[in-house]
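Notes for the one structure printed next.
Counting convention: from 1, in listed order, for ligands and their atoms alike. Computed over heavy atoms, backbone and side chain alike; hydrogens, waters and symmetry mates excluded.
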Amino acid sequence: MKVTVITGSPHKKGTSALLADEFIRGVQDAGWETFRFDAAFEQVSPCLGCDRCGIGAAPCVQKDAMQTLLPELLSSQAVALVTPLYYFGFSAQIKRVIDRFYACSYKLTGKKKVFLMATAYDRNSWTMEALTAHYKTLARYMQWKDSGMVLAVGCGARADIERSSFPEEAYQLGRSL
Ligand SMILES: Cc1cc2nc3c(=O)[nH]c(=O)nc-3n(C[C@H](O)[C@H](O)[C@H](O)COP(=O)(O)O)c2cc1C
């Protein structure tokens with residue numbers, strides 16, 4: 001059993017990277033395999049919207065790191081999306097990857113668990129509202145089962161998250177598999 005973990009931060013040692021690290025540690029302790037794709041450090045172009053893939057009938061015309069990611073995703077039973085909050089949504093780095101699911105949409109649909117982990121500077125009651133609405137709608141469309149979220153509000157810097165309980169929450173979420 002395998003989980004693909006897709007991260008969206010340009011900070012290798014940032015707040016969301018810590019959640020990804022802890023989640024992966026939990027997943028591995030649960031005996032699952034992991035594949036990590038750090039979108040900010042991979043060559044992934046935005047979807048051209050050319051429709052030459054016919055939403056999955058033919059391969060994407062763009063040849064980039066999605067060619068590595070998609071086979072891993074297709075053979076995974078779970079997907080974790082890990083992002084810093086950027087203007088109340090996914091970072092562009094990870095959104096680029098999500099948009100490229102288009103060329104494989106039908107094959108990716110169904111029979112997967114999905115997790116969301118996100119970090120943000122703010123800690124308002126509504127800070128994560130738009131992101132979680134997007135995530136839940138994506139999960140619904142893809143017919144993936146939302147299997148848990150870690151929403152690390154008030155974590156604008158590494159020191160904030162290190163003294164919070166969110167890394168432990170991420171570990172337990174991974175361990176829950
Ligand atoms: C472009 C950009 C947009 C951001 N937008 C938000 C936001 O809408 N709300 C918020 O609370 N924090 C926002 N932040 C702060 C980050 O979410 C926060 O610092 C987070 O911990 C960064 O995660 P990372 O260390 O994994 O990159 C933003 C930061 C950047 C660089």
Do ligand 1 and [X] have nitrogen or oxygen atoms that lie under 3.5 Å from each other?
| X | answer |
| --- | --- |
| F88 | yes |
| G156 | yes |
| A120 | no |

Please write down residue, atom name and distance for the protein heavy atom closest to [atom].
| atom | value |
| --- | --- |
| atom 10 (C) of ligand 1 | Y121 N, 3.7 Å |
| atom 29 (C) of ligand 1 | Y86 CE1, 3.7 Å |
| atom 25 (O) of ligand 1 | T15 N, 2.9 Å |

Check: OH of Y141: more than 12 outside heavy atoms within 6.0 angstrom?
Finding: no
Does K12 NZ have over 12 foreign heavy atoms under 6.0 Å away? no
Using 4.0 Å as the upper bound for N to carboxylate O, is an ion pair formed by [Y] and [X]?
| X | Y | value |
| --- | --- | --- |
| D160 | R158 | no |
| K113 | D146 | no |
| K13 | D21 | no |

The option among S16, P84, G14 carrying the non-hydrogen atom nearest to atom 26 (O) of ligand 1 is S16
Candidates N124, V153, L85, D160; heavy atom nearest atom 9 (N) of ligand 1 found on L85
Here the pair of heavy atoms bringing K107 nearest to G56 is NZ-O, 4.4 Å
When every non-hydrogen atom of T68 is compared with those of E72, the smallest separation belongs to O-CG, 3.5 Å
Only heavy atoms of [X], strictly under 4.0 Å: list the atoms of ligand 1 that pass.
| X | result |
| --- | --- |
| C155 | 20 (C), 21 (O) |
| H11 | 24 (P), 25 (O), 27 (O) |
| Y87 | 3 (C), 4 (C), 5 (N), 6 (C), 7 (C), 8 (O) |
| S9 | 24 (P), 26 (O), 27 (O) |
| D122 | 9 (N), 10 (C), 11 (O) |

Q. Does the side chain to side chain donor-acceptor pair (under 3.5 Å) test come out yes or no for Y171 and D29, once each step is laid out?
A. CA-CA 9 Å; Y171 172 81; D29 284 354; 2.6 Å; yes
* Quick one: do the T34 and K2 side chains pair a donor with an acceptor below 3.5 Å? -> no
